[in-house]
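Take a look at the structure below.
Scope of the values below: all heavy atoms of this structure, side chains included, with no hydrogens, waters or symmetry mates. Order of the sequence lines fixes the chain letters, A, B, ..., with proteins taken first and strands second; residue numbering starts at 1 for each chain.
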Amino acid sequence: MKSLDQNKDFLIHCAKTAGYRVVAEQITLATRAGIVAALLSIDSKYTENAEKIISSAFGKALVQFGVSMVLHQLPVDNPHVQALTYECLVSSIATGEGAVLNTAFSGVQDFVKNKILSIKDDSFAKVQESLSESVEEEIVQHAKTVSV
Amino acid sequence: MSKKSMIEMGKKAAIDAQYRVVTEQIGKVGQQGIMRLVQAGNFSSDQMKQIEKFLGSDLGLALVKFSAGLAIHNMPEEISGDARAARLAEEFTTDGMALAANTAIGSLVGEILPLLSGAIDSLPTPAPAARIAETTASDIVSESSDKVKGRV
């Protein structure tokens, strides 16, 4: 267990990094909204597809990468801007990777879920069959005894 | 402070992004696990249902990540001393804080700002007060000019 001061230092360090992350996220959101608004103002069939791409996770990654490139090209030698550039770059890579992983695993998850459900259904059907057979036999035996 | 090249930054960013992706995936799994635990309890009280709802939200995910980060950071030195574990703890805590802040900003922009602007619109306009101020100012000017004329 760390001491209170160590925890305090750790939280302050994390809060500083989180600040850059929040700013990067808000810049991305604003840029995306601006691009989507600009695309919607153009009346063309291609803009619909472009808007869908921008609104997706891959679009977000693309916008974040674009923002990081623009920030990197700014003629400013400021540590905050550099930190923001780096944050946008990390976010773009992470968003892209996350989207790929989610797309890949959603198919696998559905497959496994369907398999489990089908196994459950089969076993339930088998139990039902065996039960109905045994009940039928009992009924027949009971009818025989009654008739005798 | 000299600028780093984009390729140099990209190499370092790719490593940091791995930690972020792992954090995201573990966070989601952890949130779902806690949700299942709460759901398995079959609690009927409204308070537990509220807690369940909170855990399912973005703020719940932020809380899970933040707690996980602090938990890893406060683990025995054999575990938390490892550079990867330390980096993961930092990533969890930072992501939890950032997610909570982004959710708060999102709700502020989406819900509270329209309410505030509506409340400001419903306030009475300060036109009469402005007119009174204008008339008194003009009266003072005219009075002073009359006095000056009288002296002349």
Side-chain angles (χ1 to χ4, degrees), chain A residues 1-4 6-26 28-30 33 57 61 64-65 68-83 85-102 104-105 109, chain B residues 1-29 32 58 62 65-66 69-77 79-81 86-106 108-110:
Chain A
M1 188 93 177
K2 298 270 188 331
S3 69
L4 204 65
Q6 280 175 322
N7 271 323
K8 196 177 153 189
D9 291 342
F10 174 71
L11 285 176
I12 289 168
H13 171 72
C14 289
K16 278 179 187 169
T17 318
Y20 288 113
R21 201 169 292 188
V22 171
V23 172
E25 181 72 21
Q26 294 306 317
T28 309
L29 280 175
Q64 279 169 336
F65 185 71
S68 73
M69 288 291 280
V70 168
L71 286 173
H72 189 253
Q73 296 302 323
L74 285 177
V76 182
D77 200 11
N78 188 320
H80 299 297
V81 176
Q82 282 188 26
T85 310
Y86 183 71
E87 195 55 48
C88 285
L89 192 61
V90 175
S91 293
S92 76
I93 297 170
T95 311
E97 271 183 38
V100 169
L101 276 178
N102 285 336
F105 279 107
Q109 271 181 346
Chain B
M1 196 171 172
S2 62
K3 265 189 178 180
K4 287 179 187 170
S5 74
M6 206 65 184
I7 296 166
E8 206 178 316
M9 268 169 60
K11 281 177 189 170
K12 200 169 170 276
I15 297 163
D16 279 350
Q18 304 295 325
Y19 281 101
R20 199 171 293 189
V21 171
V22 169
T23 307
E24 194 66 37
Q25 300 297 327
I26 293 175
K28 274 182 189 169
V29 171
Q32 283 173 2
D58 277 349
K65 282 180 179 175
F66 184 75
L70 275 185
I72 296 170
H73 182 67
N74 284 296
M75 273 184 178
E77 196 58 38
I79 298 168
S80 64
R87 183 74 191 81
L88 211 56
E90 194 187 319
E91 191 59 44
F92 265 121
T93 315
T94 307
D95 214 31
M97 284 177 175
L99 188 57
N102 276 323
T103 312
I105 292 169
L108 188 82
V109 171

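The side-chain heavy atoms of Lys28(B) and Asn102(A), taken from C-beta on, include a pair separated by under 4.5 Å. Residues His13(A) and Thr94(B) form no side-chain contact, since every pair of their non-hydrogen atoms from C-beta on lies 4.5 Å or further apart. Ile93(A) is not listed as a side-chain neighbour of Val21(B), based on a closest heavy-atom distance of 4.5 Å or more. A heavy-atom distance below 4.5 Å is found between the side chains of Met6(B) and Leu89(A).
Separation of atoms CD (Glu24(B)) and CG (Leu101(A)) is listed at 10.5 Å; rounding is to 0.5 Å. Atom CG of Asn7(A) and atom CG of Leu70(B) lie 6.5 Å apart (nearest 0.5 Å).
Of the atoms belonging to Ala89(B), heavy atoms from both backbone and side chain fall under 4.5 Å from chain A. Heavy atoms of Val76(A) lying under 4.5 Å from chain B belong exclusively to its backbone. The contact between Phe66(B) and chain A is made entirely by side chain atoms (from C-beta outward), counting heavy-atom distances below 4.5 Å. Contacts between Ser92(A) and chain B at a heavy-atom distance below 4.5 Å are absent for every atom of the residue.
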Checking side chain to side chain contact (heavy atoms under 4.5 Å, CB included) for the pair Leu99(B)/Arg21(A): CA distance, chi angles, key distance, verdict? CA-CA 9 Å; Leu99(B) 188 57; Arg21(A) 201 169 292 188; over 6 Å; no
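Annotation for Ala17(B) and Ala94(A): closest pair CB-N, 3.8 Å, computed over non-hydrogen atoms. What you find for Ala18(A) and Ala98(B) is that their closest heavy atoms are CB-N, 3.9 Å.
More than 12 heavy atoms of other shown residues, nucleotides or ligands fall within 6.0 angstrom of atom CD1 in Ile12(A). Environment of OH in Tyr19(B): crowded, with over 12 heavy atoms of neighbouring residues, nucleotides or ligands closer than 6.0 Å.
Per-residue heavy-atom pair counts under 4.5 Å with chain A were compared for Met97(B), Glu91(B), Gln18(B), and the maximum is reached by Met97(B). Between chain B and the residues Glu97(A), His72(A), Met69(A), the most heavy-atom pairs under 4.5 angstrom are made by His72(A).
For the residue pair Arg20(B) / Thr95(A), no side-chain donor-acceptor distance below 3.5 Å is found, with atom types taken as modelled.
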